[in-house]
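Notes to accompany the following structure.
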Amino acid sequence: MKINTLLSAAVLAGASIGSSVMAEEVTLRGVSAFNLGTTFSREFNSFVEWVNENGKGLVQIQIVGGPEAVPPFELGNAVQSGVVDIANNTSAFYPNLVPTGDAIHLAENTVQEQRANGCYDVIDRIHQEQMNVKYLAHAGDGMGFHLYLTKPIDGPDLTGLTIRTTPVYQAMFSALGANLVRTAPGEVYSALERGAIDGYGWPSQGVLDLGWDEQTKYRVDPSFYNVDVNLLVNLDVWNGLSDAQRAKLEEGAAWMESLNANNAEINLVEYAKQADAGIETITFEGADAEKWLNTARDAGWAAVEAVDAPLAKELRACLTK
Ligand code: 173
């Protein structure tokens with residue numbers, strides 16, 4: 001009797017230890033909103049390499065593709081529904097799902113600071129509640145956005161210009177008088193070539209990736225905002241992982257976020273490449289620079305406030321200095 005009880009206890013203990021030690025390795029299917037091999041898939045790719053190296057036997061990621069696999073403006077829905085397990089995406093491509101996501105690019109602090117002051121938790125919570133995703137990691141800190149043009153301007157007045165936009169630039173450029181056309185990155189080259197647009201909003205990095213330098217004459221400085229490119233994990237998938245699998249992904253996320261510190265240096269390399277490609281710089285100074293940056297900030301926050309004033313207030317308090 002005693003022996004039997006001991007034996008079965010041992011078997012049960014063994015079985016349960018065995019099952020936790022030998023938990024199945026999980027492979028997540030990932031898609032990027034940006035072409036693989038280009039700037040805004042860079043950190044995602046590094047993250048996947050890190051996980052596949054450090055998560056052996058636990059968790060792996062298979063990159064399924066880029067915008068050719070899932071159109072960029074549909075990727076948010078795909079990770080929400082679980083068609084995709086993990087997405088590399090910017091909040092500007094899923095405003096339908098997280099309408100206050102625009103606040104993320106208005107941040108004046110880093111994701112490390114946001115993790116320390118609780119702002120990361122607020123952004124994660126709204127992603128979980130509104131989009132059914134875990135906001136796992138954030139790339140883009142230290143990189144701003146610019147206006148790029150095919151014709152010169154002599155001040156912060158965009159009246160009469162037709163500019164390619166996403167929600168990032170919408171409030172600012174329309175406050176400065178531009179006509180706006182919203183397109184995915186994949187349509188920018190042909191819109192420039194056809195003369196359908198006089199310019200486009202884009203970060204400091206990546207202009208040469210898809211050959212836009214051939215169609216671009218000017219970059220307007222200074223840059224504004226802070227790029228956000230985020231790793232989002234379907235929440236049902238996230239909740240179905242073991243503690244060890246989640247911890248490994250979070251370790252990789254922190255490692256990926258540490259790469260943001262490289263952006264200041266990469267920006268300078270990119271500006272040099274743009275100059276070599278013949279892109280001239282139009283630099284606003286004094287009152288013009290002030291109007292440019294104040295309009296960016298004020299119109300940007302007004303747009304978030306119009307969506308959800310209390311949440312905008314909460315986010316502004318922890319995203320700005
Ligand atoms: O211009 C864009 O397509 C855009 O909004 C964006 C956001 C983050 C990184 C790159 C582009």
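Excluded from the calculations below are hydrogen atoms, water molecules and symmetry mates; all remaining heavy atoms, backbone and side chain alike, are included. Ligands are counted one by one from 1 in listed order, and the atoms in each one are counted from 1 as well.
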Mind telling me whether [Y] and [X] have parallel, tilted or perpendicular rings, with 30° and 60° as the class edges?
{"X": "Tyr225", "Y": "His105", "result": "tilted"}
{"X": "Phe145", "Y": "Phe224", "result": "parallel"}
{"X": "Tyr135", "Y": "His138", "result": "tilted"}

Exercise. Check whether the side chains of Asp236 and Asn132 place a donor and an acceptor atom closer than 3.5 Å, and report yes or no.
Key: yes

Write 'none' if nothing qualifies; otherwise put on separate lines each N/O atom of ligand 1 with a protein N/O atom under 3.5 Å away and their distance to 0.1 Å.
unit_1	atom_1	unit_2	atom_2	d
ligand 1	1 (O)	Arg164	NH1	2.7
ligand 1	1 (O)	Tyr169	OH	2.5
ligand 1	3 (O)	Arg164	NH1	3.4
ligand 1	3 (O)	Arg164	NH2	2.8
ligand 1	5 (O)	Thr166	OG1	2.8

Quiz item: Counting N and O atoms only, with roles assigned by atom type, does the side chain of Ser41 sit under 3.5 Å from a partner on the main chain of Phe34, one being a donor and the other an acceptor?
Solution: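 Between the backbone of Phe34 and the side chain of Ser41 there is a qualifying donor-acceptor contact (under 3.5 Å).
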
Exercise. Kindly check if the number of other-residue, nucleotide or ligand heavy atoms within 6.0 Å of CD (Glu129) is above 12?
Key: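 Yes, enclosed.
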
